[in-house]
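The sequence lines fix the lettering, A, B, ..., with proteins before strands; numbering per chain opens at 1.
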There are 2 protein chains.
Amino acid sequence: MTSDDSSRAATLNDVAARARVSAATASKALNGRSDVAAATRTRVLAAAEELGFTPNAVARGLTAGRTSTVGLLTSDLDGRFVLPILMGAEDAFGAGRIDVFLCDARGDAVREQHHLRALLSRRVDGIIVVGDRTDPRPSLGQAIPAPVVYAYAPSDDPRDLSLTPDNVEGGRAAIRHLLTCGRRRVAHIGGDPSYAAARDRVLGAELELQDAGLSFVAPPMLGEWSEHWGRAAARLLFDRHPDIDAVFCGSDQIARGVLDAARDLGRDVPREVSVIGFDNWVVLADNAQPRLTTVGADFESLGRAAAQHLFRAFDDNAAESGVIHTPVQLFVRESTIPVS
Amino acid sequence: MTSDDSSRAATLNDVAARARVSAATASKALNGRSDVAAATRTRVLAAAEELGFTPNAVARGLTAGRTSTVGLLTSDLDGRFVLPILMGAEDAFGAGRIDVFLCDARGDAVREQHHLRALLSRRVDGIIVVGDRTDPRPSLGQAIPAPVVYAYAPSDDPRDLSLTPDNVEGGRAAIRHLLTCGRRRVAHIGGDPSYAAARDRVLGAELELQDAGLSFVAPPMLGEWSEHWGRAAARLLFDRHPDIDAVFCGSDQIARGVLDAARDLGRDVPREVSVIGFDNWVVLADNAQPRLTTVGADFESLGRAAAQHLFRAFDDNAAESGVIHTPVQLFVRESTIPVS
DNA sequence: CTGTTAGCGCATTCAA
DNA sequence: TTGAATGCGCTAACAG
């Protein structure tokens, strides 16, 4: 543990004194304003350097009105979404220019209110709200004195701006890939049907099949977001429909379960049956055997987009609104292969 | 997206004016100071309520000298450690009383310096540095005008205070459990030997075996932190040493690979062979088949401890130092079982 | 009990 | 080009 070495941090006045100028001049010099003599500037910069001067962002925030600070209010307990989003946002803001308060409400509305108050009292310039599912979540309301963007979980108020991955398109993309590989007898094993994500993915898949004049060879099986469910459902599926040649899974976890079951039953993936997942959860997808083809949202660019929208709201006072569906992407690995 | 409804946030002066008192009195009333008349207080509180007054923490921070914020400087890319640590810290601080700046340096020293400057310019009251491996990392130095605690990755400077999980004890605990289950012919498949974590876990295991008058039946196999490695190593191991009755794995990922290999080779886990992992990475451990017994650190309490040490440093000016090894815990699931 | 005064550290007038 | 004065919003010290 480290503590104060000098009695107290150097202030602008200290720098000014040492450079034998006024605080005002020192301020201008340090902030690169033009109306200051070159010689003076060097002197001030030298003084600042020697004193290890760090401008006090708190004081600056007081006058400037903006604090160069944003709040990230999350209820994403395990951080699969919030961390990439945070990194994307940091990126877009430019590292170090803006700092991010990360607050975890843990799915508790009261705690969320507490954190919100705290963020507002700290005069954050904007807030990004990150939910842990794509179902609409309660709006923070319109009475917030800072721009707000909802990420992953959209707000239930259309006046808010929300960014959420396009799961319907994701479902389409998955099916499109399977069809491209020459598969025709496709089944679906998905997650908890109380999740919009589970339903949207099936919907997209059904639409894409329909466009090709096809449909699922078995009714979609929705259950829970776990490997266990994937295994159990796959066993049933392979038993009842031995002729399926592809399984579209609602998540990578489920797909891992399906791969397991297929191996137990002696079904060759990807030759006999292709398996595709969803999420691109790399630890899971990359370590599967065979490595898992999957569709996934790019959370970093989602974070970047959220940050850019906040920026826009800082500058223009244009309040955008509505739900924006962000693109998803196909990651081809070895669990799908063209029929040979 | 939401924007200003009223022209600007209400200030203490607005409240004071509305309550027909001075700003000082309003301040006292709002902060629950005793020297203010009950009637006045109610009037002030009412005014504040009506105006939707939110105290400006920035201004407060300017005078108070403390900002009630802390910085969490991390290089833990995927957040397995940093998020639980953050939650533990939030917990210890009391939700909303203190807010946390989360900065991701992405393993880049330059970016880390940038973030550090930014945090200091925001006058955070303390800093928690979270690394992504337990090898000592470069100290931020002693010249930092705020208390610093290193979590997970210890500082290489003994004058700093570091909290890091006790991997040696973890290795011991794993072996102790296997021995308790009646296993005697134990092997080890571990992670990347360039990691202190990999080496410490083996070390602990060897010590515990030694205490029981035993040793590994095969030289420990260290490779990488992946399921693939676990699978490959296990195949080799089962082939060369068909008589082993337990495998201690350096991580849950590796253990997953070992379970896979065992199943492929027709070895019954846990009856014939017990398998124990490390990390208690719940998504992996809980979805394994059978569910995976494992040893793991409790990162939330690590975060709590870090926060408490910062607290102590705020109050006393006592600068603690040294490396504290935090406890690890055994999580028994179904991949280990007493010999019957 | 209440109000006046002063100052936290900085940036922005506006004079000089 | 420089500096003196002013204020951001709040709290602490003191006087009334």
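If you walk DNA chain C from 5' to 3' and mark each nucleotide with an atom closer than 4.0 Å to a heavy atom of chain B, the marks span C/dC1 to C/dG9.
Looking at every heavy atom in both residues, A/P165 comes nearest to A/F299 through CG-CE2, 4.4 Å. Heavy atoms only, all atoms of each residue included: B/P147 and B/A313 are closest at CB-CB, 3.6 Å. Nearest heavy atom pair, residue B/G141 against residue B/D160, reads O-OD1, 4.5 Å.
For the residue pair B/D99/B/T69, the side-chain donor-acceptor check at 3.5 Å is not satisfied. Judged purely by distance below 3.5 Å, without hydrogens or angles, the side chains of A/T74 and A/D104 never pair a donor atom with an acceptor atom.
Protein atom CG of A/D35 is 12 Å distant from nucleotide atom P of D/dG3, rounded to whole Å. A straight line from CG of B/L12 to P of D/dT11 spans 6 Å, rounded to a whole angstrom. For the pair B/N31 CG and D/dG9 P, the computed distance is 17 Å after rounding to whole Å. Rounded to whole Å, the distance from NZ on A/K28 to P on D/dA4 is 11 Å.
Within a heavy-atom distance below 4.0 Å of DNA chain D, the residues of residues 53-69 of chain A found are A/L62, A/T63. Residues from residues 40-49 of chain B that place a heavy atom under 4.0 Å from any atom of DNA chain C, listed by number: B/T40.
For the helix from C/dC1-D/dG16 to C/dA16-D/dT1, the angle separating the two terminal helix axes comes to 50°, with each axis derived from five pairs and the value rounded to 10°.
Annotation: cation-pi pair A/R133/A/Y152 absent, no NZ/CZ under 6.0 Å from the ring centroid and within 45° of its normal.
Checked for salt-bridge contact, B/R137 and B/D156 miss the test: no charged N lies under 4.0 Å from a carboxylate O. Taking a cutoff of 4.0 Å between a charged side-chain nitrogen and a carboxylate oxygen, A/E90 and B/R106 qualify as a salt bridge. Ionic pairing of A/R159 and A/D157 is present here: one or more N-O contacts between side-chain nitrogen and carboxylate oxygen are shorter than 4.0 angstrom.
Residue contacts shown for A/A37 are limited to sugar-phosphate atoms, with no base heavy atom under 4.0 Å away. Counting any heavy atom pair closer than 4.0 Å across all strands shown, A/R33 reaches sugar-phosphate atoms only and no base atom. In this structure, A/T25 reaches the bases: a heavy-atom distance under 4.0 Å links it to at least one base atom across the strands shown.
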B/I127 vs B/V149, side-chain contact (heavy atoms from CB on, under 4.5 Å): CA-CA, chis, key distance, verdict: CA-CA 6 Å; B/I127 297 180; B/V149 175; over 6 Å; no
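Below 30°, between 30° and 60°, or above 60°: for B/F311 and B/F93 the angle between ring planes is above 60°, a perpendicular geometry.
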Which atom pairs, donor and acceptor, lie under 3.5 Å between side-chain atoms of residues 57-64 of chain A and protein residues at least two apart or in another chain?
residue, atom, partner, partner atom, Å
A/T63, OG1, A/A59, O, 3.3
A/T63, OG1, A/R60, O, 3.3

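Proximity of B/S27 to the phosphate of D/dT11: a side-chain N or O atom is located under 4.0 Å from OP1 or OP2.
When the side chain to side chain donor-acceptor pair (under 3.5 Å) test is applied to A/E300, no partner is found at least two apart in sequence or on another chain.
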